[in-house]
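Notes follow once the structure below has been shown.
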Amino acid sequence: MKKFRLLFAVLFVFSVFLTACNSNNESSGTGDNGKETSSKLEIFSWWTGAGEEDGLLALIDLFEKKYPEIEVENAAVAGGAGTNAKAVLASRMQGDDPPSTFQVHGGEELNASWVAAGKMEPLNDLYEKEGWNDKFPQDLIDMVSVDGNIYSVPVNIHRSNVLWYNKKIFEENGLSVPTTFDEFFDVAEQLKEKGITPLALGDKEPWTATHVFENILLAKLGPENYGKLWTGELSFTDNRVVEAAEIFKEMLNYINDDHSSRNWQDASQLVANGEAAMNIMGDWAKGYFVNDLQLKVNEDFGYVPSPETDGYFMVVTDTFGLPKGVKNPDDVKKFLSVLGSVEGQDVFNPLKGSIPARIDADKSKYDEYGQDAMADFSSSTLAPSLAHGSAAPEGFLTRVNQAINIFVTQKDVDQFIDALETAAQDL
Amino acid sequence: MEPGKSLNIGNKTRVEVKKRRKITKDQWMAILFLSPSIIILTIFVYGFIGWTGYVSLSNWNTIIPDFTFAGLKNYLFLFSDFRFQADLRNTIAFTVLFIGLVIILGLGLGILLDQKMVRGESIFRNIFFFPMALSFVVTGVVWQWLLNPSTGINLFLKKFGVEPKWYTDTTILAGFQWGKIEFGLPVAILAVVIAAVWQMTGFSLAMYLAGLRGIPDEIREAAKMDGCNEFQLYWKVIIPLLKPITMSVVIMMAHISLKIFDLVYAMTGPGANFVTDVPGVYMFETTFRGNYYANGAAIAIIMLLSVAIFIVPYLWSNRRGNS
């Protein structure tokens, strides 16, 4: 009996090891079993919210109609406006297990990270083949290129320098919508006297405050000098940057008290409810107003470019690229070609509430705001957004967000400029 | 490996068992059963602690790994960093308040429930114990809305003319300049303490209740014979007897509060001016958003050491007590 017990014990322990070995073989083997998984096209994104998910699913539908033999897996990671997805992506890329294709904001979020790490394939041949080089604006292609190599395909455009306002409040109080900072403070003062919060802010996640600040920076510097900040050609100690910080500080006198308990949706809601008059946010806020809160464009809420940025277009663009080392690069290119086609962009963008990155898309498919934004997009100077990772590497952005978070409470301009300048040393 | 092979190995082991007399069959069994977990533990716990320590001494602060030796650069950076200094202040404030309240409330409720006259004791016990069953994320989201200054409990408190700003309050009580930050008690952290205490009091209550039940009635009676009143009975006899329980509760709560992440992340985030930030949140954000891997690793090591300050003496005294 005792002998049996020992034998049983030995067998048990080794069977545990065996199962461990076995499953290991299965997952690492790309042989007969692997084929099925290798032909799967895994699309990695953080599009899980209302509107954006519908857009993604419609896009996948379109792709599956065109290429029924390719199996698609929607590998979306929810939460944190993409920050969770980015963390998952980082560990997968570093572990040499890239998804077939992944969502990334055009600009430094792509260039300073995965392109610099040598983990992306250039897509110049795809652009040639599809004739895309004159279908996307040159400014935009430059944002996703390094040294003449194009690394991703933009699918949509969001404008981030928009001031949203509650129409009723402005009409009832006989106010006109501000286009300059002087007008803004004038209006804000009148609103404050009437007990209405002039500017809604929700900086539980500090990027929303960075978002407001970058639009002031763009206004004060203009797109060209604004761009020089990220290359080190213009210092953060420049007078115009200090002026922007002073304006931002002044603006903070007109925000809601509970800003640090709100996220951007909660801040937009203040405007929607009529508790606050204005909100500076990207045009994903339109999707929130229209889809989630059932408001009407130009009836319940209106929009203008944020103060002194008329003629400029702060761009946030979602793009998809081809990582090195995926098993099915041809399938990925097929997907990217659908993504970059007029058809693909017009299926995705009306649902997502963004505008197409192509300049030849069908305008009639977009709502009033979309058509306005499309007109502005083709006529304005583009500037990459800092708060959304396009202008500078994520590391710098993290430092800026921290400095902003401190500034919103302490309102110490000198210390803030110092912190920005210190962070810029690493650029 | 095929199944046949494992049999062979099995036979070999049996031969060895017969040769060596010093290691008994039971010990072999123990080694065999423990070996998988020991191997896994070595690799996935101690191996990765070592790896984290190694990364924390490197220059890996971009998305591209860079393992060149940086010395203590990352640590020095942290201790001169506004955010990390604020994290240390918040952690100290949070830990002291959290442990203190959990012990006082747990012990108090335990003693009340232990009274023979309480009816439906198990109902109360379960009510107090239920929050333990929730995840910190759920607790965080619930208390975020309850303590939201514009929508939560304040709608009720308004009627009494008080409107605390809860976790959006940026004032620091008894503050004085220390390094780059104002050291003191951040008011906002109290909101997080309330949520954490609500969740963990049930645990310390259960521990104390078990401890109280373990104290024999003879001791109480003997104390009463010697003329102890009820207060003296608890203060001088029972609470000292519960010391080992208190030790365990302190250790467990300390390692929860020093490592806390999920509750804060779900409830408040870093907070304005970092009044509710903790090292865990900073570590996550700096590593996975900012790609400052070496800085993040350094924070992890500092957290490990801070927990070790509590755990190591505890394990030490336990070992001594046993031998």
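By convention in this document, chain letters (A, B, ...) are assigned in the order of the sequence lines, proteins followed by strands, and residues within each chain are numbered from 1. Just so it is clear, the model here is predicted, and its values are computed rather than measured.
Interatomic distance, CH2 of W207(A) versus CG of N405(A), reported as 14.0 Å (0.5 Å rounding).
Of the residues considered (S150(B), G269(B), A188(B)), S150(B) shows the highest number of contacts with chain A, using heavy-atom pairs under 4.5 Å. Listed options K204(A), R399(A), K86(A) were ranked by heavy-atom pairs under 4.5 angstrom with chain B; first place goes to R399(A).
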Stepwise side-chain hydrogen bond (donor to acceptor under 3.5 Å, both in side chains) test for T170(B) and N273(B): CA-CA 7 Å; T170(B) 53; N273(B) 211 15; over 6 Å; no
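Looking at N154(B), there are no atoms closer than 4.5 Å to chain A (heavy atoms on both sides), in backbone or side chain. Only the backbone of T268(B) comes within contact range of chain A, judged by heavy atoms closer than 4.5 Å. Contact of F274(B) with chain A is made through backbone and side chain together, with heavy-atom distances under 4.5 Å. Both the backbone and the side chain of S260(A) come within less than 4.5 Å of a heavy atom in chain B. Contacts of Q410(A) with chain B are made by side-chain atoms alone, with heavy-atom separations under 4.5 Å and no backbone atom involved. The parts of I406(A) that come within reach of chain B are both its backbone and its side chain, each placing non-hydrogen atoms under 4.5 angstrom from that chain. For D203(A), no part lies near chain B; criterion is any non-hydrogen pair under 4.5 Å.
The backbone N or O of V137(B) sits less than 3.5 Å from a side-chain atom of S135(B), completing a donor-acceptor pair. A donor-acceptor pair is defined here as one N or O able to donate and one able to accept, closer than 3.5 Å; no such pair exists between the side chain of E108(A) and the backbone of A391(A).
In this structure D318(A) satisfies the salt bridge (charged side-chain N to carboxylate O under 4.0 Å, His left out) test with no other residue, sequence neighbours excluded.
In this structure, the ring of F248(A) has its center less than 6.0 angstrom from the ring center of F407(A).
Residues M283(B) and A300(B) share a closest heavy-atom pair of SD-CB, 3.5 Å.
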